[in-house]
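We number each residue from 1, following the sequence as shown.
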Amino acid sequence: MTDRRRPGRRPGSADTRGEILTAARRVFAEKGFDKATVRGIAREAQVDPALVHHYFDTKEGMFAAAMELPINPQQILPVLFDGPREEIGERLVRTILTLTADEKTRAPVLALLRSAMSNEQAVGMVREFFTSALLYQVADRLGVPQLRVEAGFAQMLGIVLARYVLKLEPLASAGHDELVEILAPTIQRYFTG
């Protein structure tokens, strides 16, 4: 008779969540975001897929944790859609400015972007993550072409890079309210035409 263990939590004091994250990093690096699966990550970590879902609700959440991103699209999307459609540009600009104002939030995002700029594998993974987990969901939910959402995202990405990497003045030291006033109408136009 074989000793068949049930899948799930391993006996002992193993850091199961940490082992899942380690496996996720390997699988995401090898296959990219789109081709990585929860089942594949569970297999790599030698745990049941239900245990992966226990620690991470979604693949997007697992990616954010594995890449040590301080933001999860599943937390940002409700903020964007909570309110009138004609104010989504303002909410998006304010959300991005607020998230990137905090060094703890900004540092991992900038590290990931810098990696993506110099590493083809990283750029593919970042592109797949942002398009699948965030941009296409926004486009679908608003019923606007993906190109418009990508253009708005690109503009905000440029603002973040200009403020915190290039440190262009006076953009780098401008207040949030001033930037929201300047940027929100343009970002809004991407979403409403």
Report yes if some heavy atom in the side chain of [X] is under 4.5 Å from a heavy atom in the side chain of [Y]; otherwise report no.
X    : Y    : result
I182 : E178 : yes
L97  : R94  : no
L166 : L161 : no
F63  : T58  : no
F191 : E86  : no
T100 : R163 : no
V165 : V160 : no
R17  : F56  : yes

Open item on the list: Quick check on D140: does its CG atom have over 12 non-hydrogen neighbours (other residues, nucleotides or ligands) under 6.0 Å away?
Closed with: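 Counting neighbours around CG of D140, more than 12 heavy atoms of other residues, nucleotides or ligands fall under 6.0 Å, so yes.
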
Task: Over 12 non-hydrogen atoms of neighbours within 6.0 angstrom of CZ in R43 - done: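 Open.
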
On a heavy-atom basis, which atom in [X] and which in [Y] lie closest, and how many Å separate them?
X    : Y    : result
A66  : R25  : O-NE, 2.6 Å
Q155 : T186 : OE1-CG2, 3.5 Å
V144 : R85  : CG1-NH2, 3.3 Å
L77  : A133 : CD1-O, 4.0 Å
Q137 : S132 : NE2-O, 3.4 Å
A42  : D48  : CB-C, 4.0 Å

To the nearest 0.5 angstrom, please state how far the [atom1] atom of [X] sits from the [atom2] atom of [Y].
X    : Y    : atom1 : atom2 : result
R106 : I96  : CZ    : CD1   : 14.0 Å
T22  : I41  : OG1   : CD1   : 11.5 Å
I159 : L179 : CD1   : CG    : 7.0 Å
M62  : D57  : CE    : CG    : 10.5 Å
H176 : E181 : NE2   : CD    : 14.5 Å
I76  : T95  : CD1   : OG1   : 7.0 Å

Task: Single-linkage hydrophobic cluster I187~L171, side-chain heavy atoms < 4.5 angstrom - done: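 I187 and L171: one cluster.
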
TODO: Output, in order, the C-alpha distance, side-chain angles, deciding distance and verdict of side-chain contact (heavy atoms from CB on, under 4.5 Å) for V138 and L92.
DONE: CA-CA 11 Å; V138 171; L92 176 63; over 6 Å; no

Open item on the list: Tell me if a side-chain donor or acceptor on R148 pairs with a main-chain N or O of T192 at a distance below 3.5 Å.
Closed with: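 Pair absent, no side-chain N/O of R148 close to backbone of T192.
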
Task: Donor-acceptor contact below 3.5 Å, side chain Q188 vs main chain I88 - done: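 Judged by distance alone, yes, a pair lies under 3.5 Å.
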
Open item on the list: T131 vs E150, test: side-chain contact (heavy atoms from CB on, under 4.5 Å). Steps then yes/no.
Closed with: CA-CA 8 Å; T131 56; E150 286 180 2; 4.1 Å; yes

- [ ] Not counting sequence neighbours, which residues clear side chain to side chain contact (heavy atoms under 4.5 Å, CB included) with F153? List them please.
- [x]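 Listed in chain order: F130, L135, L157.
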
Open item on the list: side-chain contact (heavy atoms from CB on, under 4.5 Å), that's the test. Do F81 and L142 meet it? Break it down for me.
Closed with: CA-CA 9 Å; F81 297 122; L142 293 176; 3.8 Å; yes

